[in-house]
Amino acid sequence: MNMSTAFVLTIVIALGTYLLRAVPALLLADRELPVPVQRALRNVGPAVLAALVVVSVASTADGGIEVEVAEVAALVAAGVVAWWRRNLIWSLLAGMAALWVTLVLV
Amino acid sequence: MDEPPRSAPMSASVPPGGGPGRIDRRAIVDGFPLFVPAVPFGFVVGVAVVESEMPAVVGWSTSLTIFAGASQLATVTLAGVATLWAVAVAALVVNSRHVMYSAALAPTFRHQPTWFRWVAPFFLIDQVFALVALRPDGSPASFRRYYLTLGVFFYLMWLAAVSLGMVVGPAIPTGWRLDVAPAVMFTGMVVISLTRSPAVVAAVVAAAVAFLAAGLPDRLGILVGAGAGVLAGAVAEARLVNDRAITDEQEFTP
């Protein structure tokens with residue numbers, strides 16, 4: 001791929017990425033959204049992040065679904081510690097520790 | 001995060017109009033733990049840039065222009081392999097969840113000046129959204145400073161991680177499984193954000209549906225799962241209101 005084609009391609013994708021992030025906020029900012037819609041939008045964070053986690057550990061490159069024991073152990077440990085300590089660093093350390101321990105044991 | 005943001009008297013790193021032109025040290029403190037797990041992902045992108053059919057300098061520049069890890073990864077790995085249209089579509093679809101972040105922030109942007117509404121979306125990555133969504137509403141000026149400090153912080157750190165990844169990424173043993181770190185971190189963030197029952201419903205339904213849809217191409221399962229979770233959360237919100245017969249409109253006024 002030559003330099004100019006590659007550059008134009010990345011600029012188009014950059015513009016598209018920006019528009020995905022900007023258009024809803026720009027269009028909706030000055031409108032009073034119906035209360036049910038406002039309520040629905042409150043849970044976007046937990047919903048998107050939960051889906052992101054599941055897809056990133058469960059999907060395989062060839063379009064299959066596969067779950068690895070060590071990854072599940074890591075996520076469970078991270079979740080339990082996050083609930084208990086309310087602290088992201090401890091949660092991350094616990095998750096990675098559980099991952100490595102399980103990889104060694106299983 | 002309840003205390004008012006403390007500002008560091010450092011050089012201006014926010015555009016004019018962003019208050020007194022100071023960075024919000026609190027944003028750095030909050031953002032740093034979220035950046036650490038993003039480092040291995042930056043390395044993965046860095047390695048992919050080196051191996052790409054695309055000239056390395058253009059692949060590297062996607063950190064400056066696209067600033068979205070999954071889109072950058074799709075762009076550099078598919079360039080030269082798929083048709084140009086396929087590359088562009090795949091790169092945009094993998095990050096379509098950002099549309100939902102943008103809609104969710106619209107009520108907050110209402111109190112912000114026009115320049116901020118145009119600049120802020122460029123920095124709307126997962127970590128920035130998750131942190132500003134957890135943050136109790138302060139004044140528009142302090143929100144702006146917090147948001148922009150986070151955005152610029154992640155932008156610079158991401159660029160550093162991808163650059164470093166191009167150099168040292170290939171030397172890190174894959175056996176360390178650092179690729180799992182972002183998922184582990186996001187799990188912690190989800191759990192910490194589950195302070196209300198509708199949020200629990202939204203997260204559980206999103207996870208279950210995303211699992212069933214995980215085989216869809218271009219990571220579309222994220223969008224399908226998230227959509228189902230948001231809908232289920234909305235139903236749970238409505239039931240909560242009916243059960244307690246309360247009106248919670250006030251909660252939405254920052």
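None of these values were measured; they are calculated from a predicted model. Just so we're on the same page: letters track the sequence lines, and every chain starts at 1.
- Interface check for chain B: of the options A:Ala94, A:Pro36, A:Ala74, A:Pro24, the most heavy-atom pairs under 4.5 Å are formed by A:Pro24.
- Counting heavy atoms from C-beta on, the side chains of B:Ser102 and A:Leu20 never come closer than 4.5 Å.
- When the candidates B:Gly215, B:Gly59, B:Ala208 are compared by the number of heavy-atom contacts under 4.5 Å with chain A, B:Gly215 comes out ahead.
- By the 4.5 Å heavy-atom criterion applied to side chains, A:Thr10 and B:Gln72 are not counted as neighbours.
- Pairing each heavy atom of A:Leu9 with each of B:Ala79, the nearest pair is CD2-CB, 4.5 Å.
- Two residues are said to be in side-chain contact when any heavy atoms from C-beta on lie closer than 4.5 Å; A:Glu71 and B:Arg177 meet this criterion.
- The two residues A:Ala47 and B:Ala226 make their nearest non-hydrogen contact at CB-O, 3.8 Å.
- Residues B:Arg110 and A:Arg31 form no side-chain contact, since every pair of their non-hydrogen atoms from C-beta on lies 4.5 Å or further apart.
- In this structure, A:Thr5 and B:Met54 have side chains that are not in contact, with every pair of non-hydrogen atoms separated by 4.5 Å or more.
- Most heavy-atom pairs under 4.5 Å with chain A: of the set B:Pro37, B:Ala214, B:Ala70, this distinction falls to B:Ala214.
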So A:Arg39 and B:Val241, side chain to side chain contact (heavy atoms under 4.5 Å, CB included) or not? Walk me through it.
-> CA-CA 10 Å; A:Arg39 279 196 206 117; B:Val241 173; 3.6 Å; yes
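- Nearest heavy-atom pair across B:Ala199 and A:Asn43 is CA-OD1, 3.4 Å.
- Residue contact with chain B, scored on non-hydrogen atoms closer than 4.5 Å, involves the backbone and the side chain of A:Val48 alike.
- Between chain B and the residues A:Met1, A:Glu32, A:Arg85, A:Glu66, the most heavy-atom pairs under 4.5 angstrom are made by A:Met1.
- Put simply, of B:Val87, B:Leu64, B:Thr62, the one with the most heavy-atom pairs under 4.5 Å next to chain A is B:Val87.
- With a 4.5 Å cut-off on side-chain heavy atoms, A:Leu99 and B:Val184 do not count as touching.
- Remark: the backbone N or O of B:Ile192 is not paired with any side-chain donor or acceptor of A:Trp83 at under 3.5 angstrom.
- Of the atoms belonging to A:Leu27, not a single heavy atom falls under 4.5 Å from chain B.
- Contacts of A:Val67 with chain B are made by side-chain atoms alone, with heavy-atom separations under 4.5 Å and no backbone atom involved.
- Residue with the most contacts toward chain B among A:Ile13, A:Leu49, A:Thr17: A:Ile13 (heavy-atom pairs, distance under 4.5 Å).
- For the set A:Ile89, A:Asp62, A:Leu52, the entry with the most heavy-atom pairs within less than 4.5 Å of chain B is A:Leu52.
- When atom types are taken as modelled, the side chain of B:Arg117 and the backbone of A:Ala29 share no donor-acceptor pair closer than 3.5 angstrom.
- A:Leu26 touches chain B through its side chain: at least one heavy atom from C-beta onward sits under 4.5 Å away, while N, CA, C and O do not.
- Between the side chain of A:Arg21 and the main chain of B:Phe123, no donor-acceptor pair closer than 3.5 Å is present.
- With a 4.5 Å cut-off on non-hydrogen atoms, B:Val201 does not touch chain A at all.
- B:Ile222 contributes atom CD1, which lies 8.0 Å from atom OG of A:Ser59 (distance to the nearest 0.5 angstrom).
- Of the listed residues B:Val209, B:Val191, B:Val36, B:Leu84, the one with more heavy-atom pairs under 4.5 angstrom with chain A than any other is B:Val191.
- Between chain A and the residues B:Ala238, B:Gly225, B:Ala202, the largest count of heavy-atom pairs under 4.5 Å involves B:Ala202.
- Most heavy-atom pairs under 4.5 Å with chain A, from the set B:Phe32, B:Phe211, B:Phe129: that is B:Phe211.
- Nearest heavy-atom pair across B:Ala181 and A:Met96 is CA-SD, 3.9 Å.
- For a residue to count as touching a neighbouring chain, one of its non-hydrogen atoms must lie under 4.5 Å from one of that chain's; by this rule B:Pro198 touches chain A with backbone and side chain alike.
- Around atom CZ of A:Phe7, no more than 12 heavy atoms belonging to other residues, nucleotides or ligands sit under 6.0 Å away.
- Side-chain atoms of B:Thr187 and A:Ser91, non-hydrogen and from C-beta on, never get closer than 4.5 Å to each other.
- Counting only heavy atoms from C-beta outward, the side chains of A:Glu68 and B:Val180 never approach each other to under 4.5 Å.
- For B:Arg239, the CZ atom is loosely surrounded, since the number of other residues' heavy atoms within 6.0 Å does not exceed 12.
- Using cut-offs of 30° and 60° for the angle between ring planes, the B:Trp118 and A:Tyr18 rings count as parallel.
- Of the two parts of B:Leu34, only the side chain, counted from C-beta on, holds a non-hydrogen atom closer than 4.5 Å to a non-hydrogen atom of chain A.
- For a residue to count as touching a neighbouring chain, one of its non-hydrogen atoms must lie under 4.5 Å from one of that chain's; by this rule A:Leu19 does not touch chain B.
- Heavy-atom minimum distance, A:Ala50 versus B:Val190: N-CG2, 3.7 Å.
- Of the two parts of A:Leu28, the backbone and the side chain both hold a non-hydrogen atom closer than 4.5 Å to a non-hydrogen atom of chain B.
- Contacts with chain B were tallied for A:Val44, A:Leu15, A:Val12; A:Val44 has the most, counting heavy-atom pairs under 4.5 Å.
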